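First up is the structure itself, then whatever we jot down about it.
First listed ligand is number 1; within each ligand, the first listed atom is number 1. Fair warning: this is a prediction, and the values are worked out from it, not measured in the lab.
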Amino acid sequence: MLAQHDELNPLQAAEARFDLAAEALNLDEGLCKILRTPTREVIVHIPVELDDGRLEVFTGYRVQHSIARGPAKGGIRYAPDVTLDEVRALASWMTWKCAVVNIPYGGGKGGVICDPSILSQRELERITRRYTAEMMDVIGPESDVPAPDLGTNQQTMAWIMDTYSMHKRHTVTAVVTGKPLDLGGSRGRTEATGRGCLIVTLEALKKLGLDPKQARVVVQGFGNVGGQSASLMSKAGLKVVAIVEWDGAVYNAKGLDIAALLKHRNETGSIVDFEGGENIDKDEAMYLECDVLVPAAKENVISSANAHKIRAKIITEGANGPTTALADPVLKAKGIFVIPDILANAGGVTVSYFEWVQDRQGYFWNEQLVNERLEELMVASFRDVVNYAEKHGVDNRTAAYMLAIDRVAFTIKLRGLYA
Ligand code: GLU
């Protein structure tokens, strides 16, 4: 069992879940070794000139956890606290996520240790282009396809696409996903993770016999995933009663007007002091009694230190790794229906897959088609996971891991070992 002092290391969390599922599957020892270890890890130290003329060296990572089912797939994170272990964990979660929704990808993740909040656009562009140049032999439409994650966005993807294309001497749109629409992006990609969260939440409410129109939702995090989840959930008629951010929390028992709150945040830089709600204690807001809690920011917000305080019926994990492995049994004992990250937030990579398919065909779909196909895939995956959990008497997270590991292991067995 995981020791307390390791609880907040995401790699330990990922490995603990893997081990639990692998044991339940009675997975062959050799396969366990293969699946526990990343296929490839690249570390680069990139010199970049800052706007004031100083030189700085940034450290960047790209980890390909698995390429058994297809190209490595996963975002690139820019944050001051990125670590190799975190990127390794996130890369393995991408492998399992892609397998849960059954799309033909492996898993990968990248990261650069930097603080985007204090870097100019020009500095971010130089970091991105140099990182891409260093990764030329690693990334590619057939080998490893990055996407946005924390601290990166459509613009970052445009720079990567351009740098890669300049080196190749022709435009290669499919090297990244989450691009701007005009550069080969997909309709519906920006909303996709939030839309996926909505789709699985509606399925869970149905499963528990709860009326969506009466459902009270608390969303932690108001970035792309939290903002889109809140917005789409409130449009679908759920009551988003609280939003919790790092600098404050707002509450309205009748449901917040999310469009107005987004406008307020964009104008003032914060969600606090919003006219359409009251400020509440940000450290307590996550423990409000509610039907759905959506942790949609970073890792480790639900741990053994606070899991007992959660009063939600459903947790929809919009973020990657918001719950530590030691919190899992606490949530289970409380009877909370957890929709695990590798299922709940898979809408993003699913529409990334649609984007890659459209780029490779050079034929683009309308938004309705994207959304219909996303819904079809998310609903089917939700049912696969829940049925698996019921059949095998395990919780949803273990079921999702078992399903995913089984699919990847099957591919490896079928391909055989090249020696
Ligand atoms: N960064 C997102 C995730 O963690 C999206 C990855 C992708 O679209 O490749 O799922």
Inset, instruction - Assess the pair Tyr401 and Phe18: is the distance between their ring centroids shorter than 6.0 Å? - result: no
Inset, instruction - Could you tell me whether Arg36 and Asp19 make a salt bridge, using a distance below 4.0 angstrom between a side-chain N and a carboxylate O? - result: yes
Inset, instruction - Grab the two heavy atoms, one from Trp93 and one from Arg17, that are nearest each other, plus how far apart they are. - result: CZ2-NH1, 4.5 Å
Legend entry - Pairwise side chain to side chain donor-acceptor pair (under 3.5 Å) hits with a residue in residues 58-81, at least two apart: His45-Thr59, Arg62-Asp144, Gln64-Asp144, His65-Thr95, Arg69-Asn102, Lys73-Thr177, Arg77-Glu86, Arg77-Asp149, Arg77-Glu299, Tyr78-Thr128, Asp81-Lys298
Inset, instruction - Taking side chain to side chain contact (heavy atoms under 4.5 Å, CB included) as the test, write out the residues that go with Ser231, two or more places apart. - result: Lys235, Ile258
Inset, instruction - Heavy-atom cut-off of under 4.0 Å around ligand 1: list whichever protein residues fall inside it, by chain and number. - result: Lys73, Gly74, Gly75, Met94, Lys97, Lys109, Ala147, Pro148, Asp149, Arg189, Asn320, Gly348, Val349, Ser352
Legend entry - side chain to side chain donor-acceptor pair (under 3.5 Å): pairs with one or both residues in residues 356-366, sequence neighbours excluded: Glu142-Arg360, Lys179-Asp359, Ser186-Gln358
